[in-house]
**Student:** 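This is the structure, below, for whatever I ask next.
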Amino acid sequence: MKALTRAFESLNVRNYRRFFIGQVLNWTGTWVQWVAQGWLVLRLTDSGFGLGLVTALQWLPILVFGAWAGVIADRFEKRKVLLMTNISGALLSLTLGIVTVAGVVNLGIVLVLAVLLGLVTAIDNPTRQTFTMEMVGRDRLTNAVSLNTATFTIARVLGPAVAGILISTVGIGECFLVNTLSFVPITIALLRIDRSQLKTAEPVRRAPGQVRAGLRYVASQPALKSLLIIMAIVGTLQYNFQVILPLIAKETFSGNAGTFGLLGSTIGIGMFAGSMTNAAFGRPGRKLLLVSGFLLATFTLGTAIAPTLPIAALLLIPLGASSMAFLATMNSSLQLGSSDEMRGRVMAIYFVLFLGSTPIGAPIVGWVAEAFSPRAALALGGVATLIACGYGFLKLPSLESGERLPQTGVEVAG
């Protein structure tokens, strides 16, 4: 009972509780769109490289503009920024739904909308993460970050299943329209936030060189620098499930949208279990980060050699659990280890390396899948994660749970 209470501790904060519910529905719609977009691109191109290209372009703005997005998160009121990103995301999803239902969609339209959605995501991610700190404070941050990953993983279970049903019964375009509606609850939640209860940091004043200041700050902190190097390796080659899972479903196991939905749902079940376990017991720490990373690599390699669909689906459950433990530990360690005035920029760099690396990793993974096999592409991610864990074992300093990581002097302005 105590563990259950700890797992949902942050939901005692009314602002966060509203935000949490809105996120569950919004992320579900997002996953419906991601699955439908992957299937749409496969229908248009019948190419793993084409799928990798669209995925890469969707995350390219994070790579190019992500560091500047961190300045936005540090400089402006986060609630207003999130309102703008959610409204923009809804309009882009509506556009894709209309052109798909109307039968005029082509790869060029998908590419343009993917880039625009990536630009919105680049601004949204660091703002959303640091807004969590404002809602719950330092003491509840690790729990709230784990619950944030739980919202993602609940959606990871529901979204692919809903998308599979919609694609099979009504069509791909309707999936994008469903995602448009999913932005309504999170927008209402943001409008109802009690701003007097937020633990806001003093906004950073506009000044030249703020992106460079963020980069210098990270470079001067050994723990932050090591964490972000690990994330760069893992993010580039491990987290390309949008590219790999459709190919595993279609080519490795000769399946259809339902097979894709099954694989997506089973990895989502594991992600949810990992998120909730981390919410109850997890804490920032070197040991948990490296152990979860090693398990992620091990189960990725196991899935790559799985002889049958049921075995692959079962292995995706512990793969998903270790994946979420790794990401939640990484996220909370970075936030707790950053100064208030730099947190947005640190998290922006994190997302540049996690999601912004996709334009580099996704085409590589797509090419490996096409030139060799989807199994080889999956194995590539497992090997990369093992290498990252080895680096962390040698270089990553000890991380004290719940405390700011050791800071060294660095000029942070100008």
Side-chain angles (χ1 to χ4, degrees), residues 27-28 30-39 41-42 48 51-52 55 149-169 175 234 237-278 292-327 362 365-366 368-370 372-386:
W27 275 121
T28 300
T30 297
W31 271 106
V32 169
Q33 170 142 338
W34 283 348
V35 171
Q37 179 177 284
W39 214 250
V41 172
L42 280 178
L51 185 60
T55 303
T149 63
T151 66
F152 182 83
T153 54
I154 291 170
R156 189 68 177 81
V157 176
L158 297 177
V162 172
I165 293 171
L166 289 175
I167 293 171
S168 300
T169 56
C175 293
V234 177
L237 296 173
Q238 172 70 62
Y239 286 97
N240 287 286
F241 298 123
Q242 279 182 267
V243 177
I244 296 174
L245 288 186
L247 297 173
I248 290 283
K250 184 178 180 181
E251 297 182 13
T252 303
F253 296 116
S254 304
N256 53 25
T259 309
F260 183 23
L262 170 66
L263 295 178
S265 294
T266 53
I267 194 174
I269 290 169
M271 288 178 171
F272 178 72
S275 298
M276 296 311 299
T277 301
N278 210 66
S292 59
F294 175 77
L295 292 175
L296 171 60
T298 301
F299 287 115
T300 298
L301 293 171
T303 305
I305 62 173
T308 65
L309 176 62
I311 293 176
L314 286 174
L315 287 171
L316 285 174
I317 295 175
L319 187 159
S322 54
S323 170
M324 286 299 101
F326 176 83
L327 289 178
V365 168
V368 170
E370 198 164 283
F372 300 97
S373 73
R375 292 183 186 275
L378 192 59
L380 177 63
V383 171
T385 302
L386 281 178

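We count residues from 1, following the sequence as given.
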**Student:** Just checking F294: does its CZ atom have more than 12 heavy atoms from other residues, nucleotides or ligands closer to it than 6.0 angstrom?
**Tutor:** no

**Student:** Got a second to check how far F241's CZ is from I267's CD1, nearest 0.5 Å?
**Tutor:** 4.0 Å

**Student:** For P374 and I244, which heavy atoms make the closest approach, and how far apart are they?
**Tutor:** O-CG2, 4.2 Å

**Student:** Can you list every pair that meets salt bridge (charged side-chain N to carboxylate O under 4.0 Å, His left out) and has a residue in residues 256-275, with sequence neighbours left out?
**Tutor:** none

**Student:** Determine which pairs satisfy salt bridge (charged side-chain N to carboxylate O under 4.0 Å, His left out) with at least one residue from residues 248-264, sequence neighbours left out, and list them in order.
**Tutor:** D46-K250

**Student:** Quick one: closest heavy-atom pair of P246 and F260, and the distance?
**Tutor:** CG-CZ, 3.3 Å

**Student:** Where do V32 and G159 come nearest, in terms of heavy atoms and distance?
**Tutor:** CG2-O, 3.5 Å

**Student:** Going by side-chain contact (heavy atoms from CB on, under 4.5 Å), name the residues that satisfy it together with T30, two or more places apart in sequence or in a different chain.
**Tutor:** N26, W27, W34, N179

**Student:** Applying salt bridge (charged side-chain N to carboxylate O under 4.0 Å, His left out), which residue pairs with at least one partner in residues 298-324 are found, sequence neighbours left out?
**Tutor:** none

**Student:** For residues 301-317, which residue pairs qualify under salt bridge (charged side-chain N to carboxylate O under 4.0 Å, His left out), counting only residues two or more places apart or in two chains?
**Tutor:** none

**Student:** With sequence neighbours left out, what residues match S373 under side-chain contact (heavy atoms from CB on, under 4.5 Å)?
**Tutor:** R375, A376

**Student:** Let's go through L378 and T300 carefully: what are the C-alpha distance in whole Å and the side-chain angles of both, what is the deciding distance for side chain to side chain contact (heavy atoms under 4.5 Å, CB included) to 0.1 Å, and is it a yes or a no?
**Tutor:** CA-CA 7 Å; L378 192 59; T300 298; 3.9 Å; yes

**Student:** Return the minimal non-hydrogen interatomic distance between Q238 and G382, and the atom names on each side.
**Tutor:** OE1-N, 3.7 Å

**Student:** Flag the pair L158 / W31 as yes when at least one side-chain heavy-atom distance between them is below 4.5 Å, and no otherwise.
**Tutor:** no

**Student:** List for me each residue that meets side-chain contact (heavy atoms from CB on, under 4.5 Å) alongside A379, sequence neighbours excluded, and say none if there are none.
**Tutor:** L301, A304

**Student:** Between T277 and G274, is there a donor-acceptor pair closer than 3.5 Å when you use the side chain of the first and the backbone of the second?
**Tutor:** no

**Student:** Return all side-chain donor-acceptor pairs below 3.5 angstrom for residues 308-322, not counting sequence neighbours, or 'none' if the list is empty.
**Tutor:**
unit_1, atom_1, unit_2, atom_2, d
T308, OG1, I311, N, 3.4
S322, OG, L296, N, 3.4
S322, OG, P318, O, 3.0
S322, OG, L319, O, 3.0

**Student:** Apply side chain to side chain contact (heavy atoms under 4.5 Å, CB included) to residues I167 and C175 and explain how you reach the verdict.
**Tutor:** CA-CA 7 Å; I167 293 171; C175 293; 3.9 Å; yes

**Student:** Starting from the C-alpha separation in whole Å, work towards a yes-or-no answer on side chain to side chain contact (heavy atoms under 4.5 Å, CB included) for F326 and T385.
**Tutor:** CA-CA 11 Å; F326 176 83; T385 302; 5.8 Å; no

**Student:** Enter the distance from T259:OG1 to L245:CG here, rounded to the nearest 0.5 Å.
**Tutor:** 12.0 Å

**Student:** Can you list the residues that meet the side chain to side chain donor-acceptor pair (under 3.5 Å) rule with S292, with sequence neighbours excluded?
**Tutor:** none

**Student:** Taking the side chain as C-beta and beyond, is there a heavy-atom pair between S323 and F299 under 4.5 Å?
**Tutor:** no

**Student:** If you measure from CG on L263 to CZ on F253, what distance do you get to the nearest 0.5 Å?
**Tutor:** 7.0 Å

**Student:** Applying side-chain contact (heavy atoms from CB on, under 4.5 Å), name anything that partners L380, two or more places apart in sequence or on another chain.
**Tutor:** L237, I364, V368

